[in-house]
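Before any comments, here is the structure.
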Amino acid sequence: MNKHQTGNANAAAFPVDTIRAMFPALQRAGDFIFMDNAAGAQIPQSVLDAVTNHLVSHNVQRGGRYGRSVTVDQSVADARTSVALLINAYSPAEICFGMNATSFIRLVSLGIGQMLARDSEGERDEIIITDMDHDANIATWLALESAGAKFKWWRMREDGNLHVDDLRPLVSDRTRLVACTVTAHSIGSIVDVASVAEIAHAAGAEVFLDCVHYGPHGLIDVQAWDCDYLVCSGYKNFSPHMGFLWGRFDTLKRLPTFREDFIPDEPPYKVEAGTFIYENVSGMDAAVQYLELIGRNLAPSNNRSRRENIVAGMGAIRDYELLLAREMMRVLKDCGATIYGVADEARLNERVPTFCFNIGKLSPQRIVEEMAEMQIGIRDGHMYAPRLMKRLNLSMDSGAIRASLVHYNTVEEIHRFGEALRAIIAKLS
């Protein structure tokens, strides 16, 4: 059996019904289908329990000497350990918790802006950004123009992805940073970020990765990717709303940040301005344990480490989601959809099951409204990516339709989506 056949067999054996039973929202949804997961995934019962337990049992400020406060300190430390394992960090001290990924991108950009302003020679004043990213990973860097930053654009090709061969000539001894996504939140394309880091580091530059959309779909490995910064958010990763920043310890140590005088001038404390949402951090801890559980249940072993269970779980999720992506691509093509991004089944490994598409001249808004009437939740609009919309020759007003799946979705839901889309096309045409 070849690797492709093995992947298909593993995907067919994926225990999706057992997994769906772990999600209260799915059990209470009735006929509703969640296909807007790129805007936020549902949470398993274990995550809800962790949040509730925090709020009921120790909803107090950390740093005190009494038991409940000590418990909060420990729960934050446990969450750092779990998230460090999730992304293969070098140390839990590199994990910084906060409100969301966007605020962390801005925090890092402000710090780099201060370093640019101090660099009177302007020897490394160029930042490379892409036209495929969420605007949070573009506008935050463009805001550094007043600090002396100059910008180069790494452009998406017509085949719907960024190519490292196009990055090479942009990088020079003036490059300070390459900022790009791991996976496009809008069109689902996966970027070869390990090669990005190899090219950037060869020139002495750093790499900043937006991993928000890749998080629920595949294995994160900051060591294998050799990046310098990475941001992620819990709300797509089966936890409540919160965000985290990872950076190499020495890199975060050098980064200028705002901190009150009593805060230690070292990671993670120097990055975590103010009080963050402890209960949601507990939820993120539980979400990591949920992903571990998938790996542990699929191939029980007493000898596997927590990280190895995460690797097994995310590998199973990836195999299953490739099956979903293949079926969704087939359904969309059968409906005559224009798929933006990777639309070649032979290149399916370059995408996650997030599909941005349009149906001829039909209004994206009307199609999404009709889908809502049929109890299917999808999204329309510009997807917070104005430069990508322009690149795709789409209007910011109408944009495109996005249907986004995760591992609790099913092939049967895709077929129901296809039947609904065909009926809507017939009605609106």
Side-chain angles (χ1 to χ4, degrees), residues 37-43 47 50-51 54 62 72 75-89 92-112 133-141 143 179-185 193 207-218 220 222 225 227-248 251-252 255 257-259 263 267-291 383-385 406:
N37 298 292
Q42 302 307 304
I43 65 170
V47 171
V51 173
H54 178 98
R62 58 179 170 165
V72 178
S75 69
V76 172
D78 290 345
R80 287 197 211 282
T81 297
S82 290
V83 173
L85 290 168
L86 176 69
I87 69 173
N88 200 26
E94 297 170 332
I95 304 299
C96 311
F97 292 128
M99 293 299 294
N100 51 56
T102 301
S103 61
F104 275 130
I105 300 173
R106 185 57 177 150
L107 181 148
V108 174
S109 75
L110 286 170
I112 289 176
D133 274 70
H134 191 293
D135 205 47
N137 203 29
I138 300 174
T140 40
W141 304 109
C180 72
T181 187
V182 180
T183 295
H185 72 289
V193 292
V207 173
F208 184 101
L209 297 180
D210 175 352
C211 199
V212 173
H213 194 65
Y214 183 76
H217 301 294
I220 305 173
V222 297
W225 294 348
C227 50
D228 301 284
Y229 301 96
L230 178 143
V231 289
C232 203
S233 286
Y235 73 98
K236 292 191 184 185
N237 223 55
F238 317 109
S239 104
H241 282 266
M242 52 79 69
F244 65 84
L245 165 71
W246 169 86
R248 297 175 187 270
T251 301
L252 293 178
L255 185 74
T257 60
F258 166 79
R259 65 180 182 88
I263 300 295
Y269 314 108
K270 63 174 283 186
V271 178
E272 295 174 343
T275 300
F276 47 80
I277 306 174
Y278 302 139
E279 62 269 27
N280 289 0
V281 169
S282 293
M284 185 72 223
D285 183 12
V288 176
Q289 294 180 49
Y290 159 74
L291 296 172
M383 310 303 159
Y384 313 102
V406 291

Where [X] and [Y] come nearest, the two heavy atoms and their spacing:
X: N137; Y: A179; result: ND2-C, 3.8 Å
X: S282; Y: A50; result: O-CB, 3.8 Å
X: V47; Y: P240; result: CG1-CD, 3.7 Å
X: I105; Y: A136; result: CG2-O, 3.6 Å
X: L209; Y: V193; result: CD2-CG1, 3.7 Å

Using a 3.5 Å distance criterion without hydrogens, assess whether the side chain of [X] forms a donor-acceptor pair with backbone atoms of [Y].
X: S233; Y: A101; answer: yes
X: D135; Y: Y384; answer: no
X: S82; Y: A79; answer: no
X: R80; Y: E94; answer: no
X: T257; Y: K270; answer: yes
X: K236; Y: A41; answer: no

Would you find more than 12 non-hydrogen atoms of other residues, nucleotides or ligands less than 6.0 Å from F276 atom CZ?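 Enclosed.
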Parallel under 30°, tilted from 30 to 60°, perpendicular over 60°: which one fits the rings of [X] and [Y]?
X: W141; Y: F208; answer: perpendicular
X: H185; Y: H213; answer: perpendicular
X: Y235; Y: H241; answer: parallel

side-chain hydrogen bond (donor to acceptor under 3.5 Å, both in side chains) between S109 and R106, worked out: CA-CA 5 Å; S109 75; R106 185 57 177 150; 3.2 Å; yes
Among W246, Y214, F104, find the one that has a side-chain contact (heavy atoms from CB on, under 4.5 Å) with L230.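 Of the listed options, the one satisfying the test is W246.
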For M242, which of N100, V281, N237 qualifies under side-chain contact (heavy atoms from CB on, under 4.5 Å)?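 So the option named by the test is V281.
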When you look at M284 and L86, which way does the side chain to side chain contact (heavy atoms under 4.5 Å, CB included) test go after all the steps? CA-CA 11 Å; M284 185 72 223; L86 176 69; 4.0 Å; yes
To the nearest 0.5 Å, what is the distance between CG (L245) and CD1 (I95)?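 The distance works out to 8.5 Å.
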Can you measure from CG (L255) to CG (D228) and round to the nearest 0.5 angstrom?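 Here the interatomic distance stands at 11.5 Å.
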Can you tell if the side chain of H54 reaches within under 4.5 Å of the side chain of V72, non-hydrogen atoms only?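 When only atoms from C-beta onward are counted, V72 and H54 do touch, with a gap below 4.5 Å.
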